Amino acid sequence: MKARVTVTLRQGVLDPQGQAIKHALGTLGFDGVNGVRQGKLIELDLDDTSESEAEQKVTAMCEQLLANTVIESYSIEMVA
């Protein structure tokens, strides 16, 4: 079973990398980009066969390591 974890900065947390991307896009002539929020995608290949158990395990991974829950939020997508 595979899981995809998307980690992004929480709303209200300053995102300087997102601002740099927005600025660079404007410099390259890509007009009309009103905002950019950047993050990271983590793909996990798991031995688990139970989706609920795998999701619980991935949630624990996010809480303990993959995301800094003080400033980041995360979402989990289980992929068959």
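Remember, predicted model here, so these are calculated numbers, not experimental data.
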Tell me whether Ile42 shares a hydrophobic cluster with Leu9, the cluster being built from Ile, Leu, Val, Met, Phe, Trp, Tyr side chains joined at under 4.5 Å.
no
Answer yes or no: are there more than 12 heavy-atom neighbours, outside Asp45 itself, under 6.0 Å from its atom CG?
yes
What distance separates Ser50 OG from Gln56 CD, expressed to the nearest 0.5 Å?
8.0 Å
May I ask you to test the Met61-Leu44 pair for a side-chain heavy-atom distance under 4.5 Å?
yes
Do you reckon Val36 sits in the same ILVMFWY cluster as Leu14, going by side-chain contacts under 4.5 Å, direct or chained?
no
Please walk me through it: do Ile21 and Gln38 pass side-chain contact (heavy atoms from CB on, under 4.5 Å)?
CA-CA 8 Å; Ile21 293 168; Gln38 62 81 37; 4.1 Å; yes
With a 4.5 Å limit on heavy-atom distance, are the side chains of Gln17 and Asp15 in contact?
yes
Is the backbone N or O of Gly26 less than 3.5 Å from a side-chain atom of Asp31, with the two atoms forming a donor-acceptor pair by type?
no
Which atom of Leu66 lies closest to which atom of Glu72, heavy atoms considered
O-OE1, 4.4 Å
If Ile, Leu, Val, Met, Phe, Trp and Tyr residues are connected whenever their side-chain heavy atoms lie under 4.5 Å apart, and connections chain through other members, are Leu41 and Val58 in the same group?
no
For the atom pair CD1 (Ile76) and NZ (Lys57), what is the distance rounded to the nearest 0.5 Å?
13.0 Å
Partners meeting side chain to side chain donor-acceptor pair (under 3.5 Å) with Glu43 (sequence neighbours left out)
Arg4
Between Ala67 and Val7 the two heavy atoms that sit nearest each other are CB-CG1, 4.1 Å
Would you call Ser73 and Thr8 a side-chain contact if the rule is heavy atoms closer than 4.5 Å?
yes
Measure the spacing between CE of Met1 and CG of Leu46 and express it to the nearest 0.5 Å.
8.0 Å
If you take all heavy atoms of Glu63 and Thr69, which pair is closest and at what distance?
OE1-CG2, 3.8 Å
State, to 0.1 Å, how close Val13 and Ile71 come at their nearest heavy-atom pair, and which atoms those are.
CG2-O, 3.8 Å
Please check if the side chain of Arg37 supplies one atom and the backbone of Gln19 the other of a donor-acceptor pair under 3.5 Å.
no
Residue pair Met78 / Ala54: nearest heavy atoms and the distance that separates them:
CE-CB, 3.5 Å
